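Structure, as structure tokens:
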Amino acid sequence: MNPLSISLTALLLIGLTLALWIYTLIFLHSVMMERNLLRKLAYQDPVTGLFNRNALELFWKRSNGKEGFAIMYLDLDGFKAINDTYGHQIGDKLLRRVSDHLLQVTNSHQKAFRIGGDEFLLIMKDYDADQVTVLAELLLQKISVPYNIQGINLQVTGSIGITMHPSPKKPLPSLLKEADIAMYQAKEMGRNCYAVYQRIKQRPNFRSYGTARVIKFAAGFRKKTKIQSIQQMATL
């Protein structure tokens with residue numbers, strides 16, 4: 001065989017191999033980008049950028065039974081009136097600003113979630129009781145600062161309910177109910193403050209109740225016996 005033809009054939013094979021490798025790399029890159037996008041859509045709240053309820057369930061599934069938690073249940077005071085008066089566009093921007101405050105106080109042991117319209121959760125692992133209440137005070141201060149959104153001066157406050165459990169065995173729906181009860185106690189105390197479930201439970205007039213939204217969320221959580229697992233979700 002002509003040496004020239006052998007060289008051309010070898011070059012052709014090398015070129016085809018390189019082209020195949022480049023195509024494979026491009027394909028794998030596009031697959032990874034698509035997976036990341038799907039993961040973002042599945043686990044990230046589109047308005048605030050915080051984790052959503054799906055992320056909360058996945059987080060709890062991976063963490064439950066391993067360590068204790070402190071949970072802050074934050075509800076914004078006066079948000080509905082602002083949303084009704086100025087519209088969802090202004091309301092969504094205000095939620096994003098509040099979410100920024102939540103992100104500012106989180107670290108590797110704390111995760112922030114948006115679970116409803118103006119309802120947020122902050123879950124703390126490896127917590128100290130005094131640090132939890134200090135963090136709640138700091139968060140209330142940050143939230144209550146005046147906001148200027150598209151030339152409109154706005155102000156909201158927060159009511160925070162806290163429950164703390166060193167034991168990792170308590171189910172999430174029960175913890176949410178406790179934090180929700182404490183949050184409503186904070187509203188009854190005048191809003192722009194926090195209440196700790198373990199403290200109000202000791203009062204003689206304490207009444208344990210469950211609000212409709214927590215009951216509904218707890219029921220939905222119990223029905224999900226299997227949550228789709230996505231590997232390499234490093235942020236959770």
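Numbers here are sequence positions counted from 1. If you're wondering where the values come from, they're calculated on a predicted model, not measured in any experiment.
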Quick one: does any side-chain atom of [X] pair with a main-chain N or O of [Y] as donor and acceptor, under 3.5 Å?
| X | Y | result |
| --- | --- | --- |
| Asn54 | Ala42 | yes |
| Gln198 | Met164 | yes |
| Ser174 | Lys170 | no |
| His109 | Met124 | no |

Could you see if [X] belongs to whatever hydrophobic cluster contains [Y]? Use Ile, Leu, Val, Met, Phe, Trp, Tyr and a side-chain cutoff under 4.5 Å.
| X | Y | answer |
| --- | --- | --- |
| Val47 | Phe113 | no |
| Tyr147 | Leu138 | yes |
| Tyr73 | Val196 | no |
| Ile152 | Phe79 | yes |

Which one of Leu121, Ile123, Val132 satisfies the side chain to side chain contact (heavy atoms under 4.5 Å, CB included) criterion with Met72?
Val132
Closest non-hydrogen atom pair, [X] against [Y]:
| X | Y | value |
| --- | --- | --- |
| Ala182 | Tyr197 | CB-N, 3.7 Å |
| Ser99 | Leu50 | OG-CD1, 3.6 Å |
| Gly158 | Ile143 | N-CG2, 4.2 Å |
| Gly91 | Asn83 | CA-OD1, 3.4 Å |
| Thr106 | Leu103 | OG1-O, 2.9 Å |

Working to the nearest 0.5 angstrom, can you tell me the gap between [X] [atom1] and [Y] [atom2]?
| X | Y | atom1 | atom2 | result |
| --- | --- | --- | --- | --- |
| Arg53 | Leu58 | CZ | CG | 16.0 Å |
| Glu188 | Ile200 | CD | CD1 | 8.5 Å |
| Leu95 | Ile82 | CG | CD1 | 9.5 Å |
| Ile160 | Leu122 | CD1 | CG | 8.5 Å |
| Arg191 | Met183 | CZ | CE | 10.0 Å |
| Gln141 | Asn192 | CD | CG | 9.0 Å |

Do [X] and [Y] touch side chain to side chain, with heavy atoms closer than 4.5 Å?
| X | Y | result |
| --- | --- | --- |
| Val105 | Lys142 | yes |
| Leu102 | Leu139 | yes |
| Thr48 | Asp92 | no |
| Thr85 | Ile90 | no |
| Glu137 | Tyr194 | yes |
| His165 | Leu175 | yes |
| Leu154 | Ile149 | yes |

Pairing donors with acceptors under 3.5 angstrom, does anything connect the side chains of [X] and [Y]?
| X | Y | value |
| --- | --- | --- |
| Lys125 | Gln110 | no |
| Ser159 | Asp77 | yes |
| Ser144 | Gln155 | no |

Kindly determine whether Asp75 and Lys187 satisfy salt bridge (charged side-chain N to carboxylate O under 4.0 Å, His left out), including the steps that lead there.
CA-CA 9 Å; Asp75 184 271; Lys187 286 187 179 293; 2.9 Å; yes
Evaluate side-chain contact (heavy atoms from CB on, under 4.5 Å) for Gln150 paired with Lys93, printing each intermediate quantity in order.
CA-CA 9 Å; Gln150 294 185 196; Lys93 289 184 177 181; 2.4 Å; yes
Return the orientation label for the Trp60 and Phe69 ring planes: parallel under 30°, perpendicular over 60°, tilted otherwise.
tilted
Test log, rule side-chain contact (heavy atoms from CB on, under 4.5 Å), inputs Phe120 and Leu76:
CA-CA 9 Å; Phe120 303 85; Leu76 298 182; 4.2 Å; yes
Kindly indicate, with the supporting measurements, whether the criterion side-chain contact (heavy atoms from CB on, under 4.5 Å) is fulfilled by Asn52 and Ile115.
CA-CA 6 Å; Asn52 60 16; Ile115 61 170; over 6 Å; no
Run the salt-bridge test on Arg96 and Asp100 with the 4.0 Å N-O cut-off and return the result as yes or no.
no
